[in-house]
Amino acid sequence: MPVVIENLSAPETPDDKPHEYRLRINRNEVVRFRHRRDEGLAECLRRAADAVDAAGEGSEVFALIVERERRLSEALDRVNHANGDGRQEGIARDA
């Protein structure tokens with residue numbers, strides 16, 4: 001399940017001004033947060049983590065995403081098991 005942090009601000013926004021970011025799992029938005037690019041990647045990741053904590057992993061959106069991913073993983077496991085040889089013929093988990 002890919003986790004993506006996407007900068008939503010206009011490209012001309014200066015690095016020393018706050019940018020708006022969206023954290024999503026696959027195509028599902030989990031949270032939005034603000035970060036100044038001149039503070040670096042580590043600070044961006046901390047702010048993303050803080051935003052997820054503030055939203056709460058028990059939030060309805062997060063729970064739905066996790067449940068959907070669990071069901072998809074189980075379905076892929078059943079398909080791969082049915083192949084009999086354990087190969088994933090054209091089926092990728094992170095698609």
Side-chain angles (χ1 to χ4, degrees):
M1 126 175 95
V3 175
V4 177
I5 297 175
E6 180 180 10
N7 187 337
L8 302 174
S9 297
E12 62 273 2
T13 304
D15 288 352
D16 63 344
K17 301 294 181 197
H19 289 233
E20 183 174 4
Y21 290 82
R22 167 174 55 195
L23 184 143
R24 58 188 172 86
I25 298 176
N26 290 330
R27 296 183 192 110
N28 303 289
E29 182 174 311
V30 177
V31 294
R32 287 187 182 208
F33 64 97
R34 296 180 70 74
H35 164 68
R36 285 184 16 212
R37 294 183 68 193
D38 65 346
E39 294 177 329
L41 175 61
E43 183 60 25
C44 180
L45 296 173
R46 280 189 284 276
R47 287 180 188 253
D50 289 346
V52 170
D53 283 345
E57 289 189 12
S59 74
E60 184 177 335
V61 171
F62 191 84
L64 289 171
I65 292 168
V66 169
E67 177 62 17
R68 193 184 101 209
E69 293 299 318
R70 183 188 66 76
R71 288 182 183 184
L72 177 60
S73 180
E74 289 175 355
L76 289 173
D77 287 345
R78 285 192 300 274
V79 168
N80 293 330
H81 181 71
N83 287 341
D85 60 6
R87 291 184 293 132
Q88 294 185 10
E89 297 176 8
I91 300 174
R93 285 189 181 274
D94 293 285

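What you find for Cys44 and Phe33 is that their closest heavy atoms are O-CE1, 3.8 Å. Shortest non-hydrogen contact noted between Tyr21 and Ile5 is CD2-CG2, 3.8 Å. In terms of heavy-atom proximity, Ser9 sits nearest to Thr13 at CB-OG1, 3.8 Å.
Residues passing the salt bridge (Lys or Arg N to Asp or Glu O under 4.0 Å) test with Arg24 are Glu6, sequence neighbours excluded. Asp15 pairs by the salt bridge (Lys or Arg N to Asp or Glu O under 4.0 Å) definition with Arg37, not counting sequence neighbours.
Atoms CD and NE2, from Glu39 and His19 in turn, are 10.5 Å apart once rounded to the nearest 0.5 Å. Of the inter-residue distances, the one linking Leu8 atom CG with Glu20 atom CD reads 5.5 Å to the nearest 0.5 angstrom. Separating the CG atom in Leu76 from the CG atom in Leu72 is a distance of 4.5 Å, to the nearest 0.5 Å.
For Glu74 and Arg71, the salt-bridge test fails: no basic side-chain N is under 4.0 Å from an acidic carboxylate O.
Taking the side chain as every heavy atom from C-beta outward, His35 and Glu43 approach each other to under 4.5 Å. Residues Leu23 and Val4 are not in side-chain contact: their nearest non-hydrogen atoms beyond the backbone lie 4.5 Å or more apart.
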